4 protein chains.
Amino acid sequence: MWFKIDYHSPTPVYEQIKERIKENILSNNLKEGDFLPSIRGLAQDIKVNLNTVSRAYRELEFEGYITAQKGVGYIINKTNSDIIEDEILEDFKKIINRVFRSNISKNKVIKIIDEVYDGGE
Amino acid sequence: MWFKIDYHSPTPVYEQIKERIKENILSNNLKEGDFLPSIRGLAQDIKVNLNTVSRAYRELEFEGYITAQKGVGYIINKTNSDIIEDEILEDFKKIINRVFRSNISKNKVIKIIDEVYDGGE
Amino acid sequence: MWFKIDYHSPTPVYEQIKERIKENILSNNLKEGDFLPSIRGLAQDIKVNLNTVSRAYRELEFEGYITAQKGVGYIINKTNSDIIEDEILEDFKKIINRVFRSNISKNKVIKIIDEVYDGGE
Amino acid sequence: MWFKIDYHSPTPVYEQIKERIKENILSNNLKEGDFLPSIRGLAQDIKVNLNTVSRAYRELEFEGYITAQKGVGYIINKTNSDIIEDEILEDFKKIINRVFRSNISKNKVIKIIDEVYDGGE
DNA sequence: GTGGTCTAGACCACA
DNA sequence: GTGGTCTAGACCACA
């Protein structure tokens, strides 16, 4: 697993890591029982500090998404997808409201969605 | 002018203020020559410190959207709307990609957009 | 008398007015017994608020350069030019030091001075 | 790095900090890749508030002279010296004109420059 | 340890 | 009344 981090984003890096992992759980890319990459490994991969990954995992554990197994690693729990989905859609609603308030046409919005969902077709 | 600030958002308050004002410019709610609310007035309205509003205005001035007139107030400049629109759509694209990566169905997305754009209809 | 004011300068407008008047005294353009333009007139000329000119005159009076004559106007006093000259040269020294610290060559500096003093020659 | 701040100058302290740093870049005292002193460190050194230094650094970053690295510090960018030089000489021209308008002799001006550039020789 | 944001409050410049 | 600057101090994010 790896993914891109935006180091200049106002969203803290550990938040971005949590988001990516949740997305992978939601898309069933990470399933119950799967191992998360090791803290060290991921930190190296995405070039962030150990503490940053550590914090992301710790919080995911606290929120119930994963479980630490000492000396082994972090394992994906059985999770209620709806909660994650709600979280993401919550963020989506915020920005779609910003777009709406700005008087940007619905057409432009739909076009972008089509591009993302239906690719270059 | 008024708007809501989310004090618990990771987006800094001064950024949120900038966003709201840009939305108002884009939606033509704020037009060339209009006055922005006074720094202290807005600060009181949205219950933040004067310095926070001041920073937002100062940066908007630096970016060319408004002009300070000492002892008078801040005035909206003639601005190129396309730049603001691009900024907002950029943020929109980021999150729609997150939604897509999470395997959330296009239908759900469209439904939300319909709600926002077509209201309670 | 008239002169240009830089409204965007960090130097307050009333300070700029004081500076210009002192320059005119120093260059003997304003002599003992001469009248200063009326507060209203100057304010209109250089497009600033009455209070701003008023403050400049008040401070010049306090510093001994001019005297208010009720119902008549402000009159230039006999003044010790050396004090004004020192003031201006003080400012000059500050900036020449900045230029020096920046490693800008003496030649460039001299060239600018020649241009100002010897005009287009 | 250290330098003196004039707390009674009409030039805001954050502006003075920016000026000093630009001078150091121009004189090659601060080179690409060098670290600026930490915000808190410099604030303590020159006895101003952290926010004042922070604003100076933030603006320098906005203007492209330095780059913030969270948790690390501010780093000098590769910069176009000509722009800084022009800025400083612009200020120089303003005051040399004031000197000229005041009828202060060219000789006096040259003498000051010699002192600054050629030291006690 | 380093940067980033925010508050409460003070004082100044200008209209 | 409106903008501009600064301080002391607090709390957060990241290495």
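A note on names: the letters A, B, ... follow the listed sequences, proteins ahead of strands, and every chain is numbered from 1. Remember, predicted model here, so these are calculated numbers, not experimental data.
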For [X] and [N], give me the distance from atom [atom1] to atom [atom2], rounded to whole Å.
X	N	atom1	atom2	answer
D:Glu61	E:dT2	CD	P	17 Å
D:Ile75	E:dT2	CD1	C1'	12 Å
B:Ile17	E:dT7	CD1	C1'	13 Å
D:Leu36	E:dG4	CG	P	12 Å
B:Leu42	F:dT2	CG	P	12 Å
B:Gln69	F:dG4	CD	C1'	15 Å
D:Ile5	F:dT5	CD1	P	15 Å
B:Gln44	E:dG9	CD	P	13 Å

Exercise. Any N or O donor-acceptor pair linking the side chain of D:Asn51 to the base of E:dG4 at under 3.5 Å?
Worked result: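 There is none.
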Problem set entry | Check: D:Arg40 side chain, E:dG1 base, donor-acceptor under 3.5 Å |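 Result: no qualifying N/O pair found.
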What nucleotide, of [options], holds the atom closest to the side chain of [X]?
X	options	result
D:Thr52	F:dA15, F:dT5, F:dT7	F:dT7
D:Val48	F:dT7, E:dA15, F:dC14	F:dT7
D:Pro12	F:dA13, F:dC6, E:dC6	F:dC6

Exercise. Closer to the 5' end of DNA chain F via nearest nucleotide, is it D:Lys47 or B:Tyr57?
Worked result: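 In this pair, the answer is B:Tyr57.
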Problem set entry | Position toward the 5' end of DNA chain F (nearest nucleotide), A:Asn49 or B:Asn49 |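 Mapping each residue to its closest nucleotide by heavy atoms, the 5'-most match is B:Asn49.
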[X] side chain near [N] phosphate (N/O to OP1/OP2, under 4.0 Å):
X	N	answer
B:Arg58	F:dG4	no
B:Tyr74	F:dT2	no
D:Tyr14	F:dT5	yes

Exercise. NA contact type, D:Leu50, heavy-atom cut-off 4.0 Å: base, sugar-phosphate, or nothing?
Worked result: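 Touches a base.
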Exercise. If you pin B:Thr11 and D:Val72 to their nearest nucleotides in DNA chain E, which one's is more 5'?
Worked result: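 Nearest nucleotide further toward 5': that of D:Val72.
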For this session: Would you kindly compare C:Arg55 and D:Ser54 by the position of their nearest DNA chain E nucleotide and give the one closer to the 5′ end?
Result: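 Checking each residue's closest nucleotide, the 5'-ward one belongs to D:Ser54.
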Exercise. Would you call D:Arg55 and D:Glu59 a salt bridge, taking side-chain N to carboxylate O under 4.0 Å as the test?
Worked result: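 Answer for the salt bridge query: yes.
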Evaluate the side-chain proximity of [Y] to [X]: yes if any heavy-atom separation is below 4.5 Å, no if none is.
X	Y	value
C:Arg98	D:Arg20	yes
A:Thr11	A:Asp6	no
A:Ile95	B:Ile96	no

Exercise. Under the 3.5 angstrom rule, does the side chain of B:Asp34 hit a backbone N or O of B:Lys31 as a donor-acceptor pair?
Worked result: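 Checked: pair present.
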Problem set entry | Partner of B:Tyr74 by ring pair (Phe, Tyr, Trp, His ring centres under 6.0 Å), out of B:Tyr57, B:Phe35, B:Tyr65 |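 So the option named by the test is B:Tyr57.
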For this session: Return the nucleotide paired to F:dC14: Watson-Crick means purine N1 to pyrimidine N3 with N6-O4 or O6-N4, wobble means G-U with N1-O2 and O6-N3, both under 3.5 Å.
Result: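 Because both required distances fall under 3.5 Å, F:dC14 counts as paired with E:dG1.
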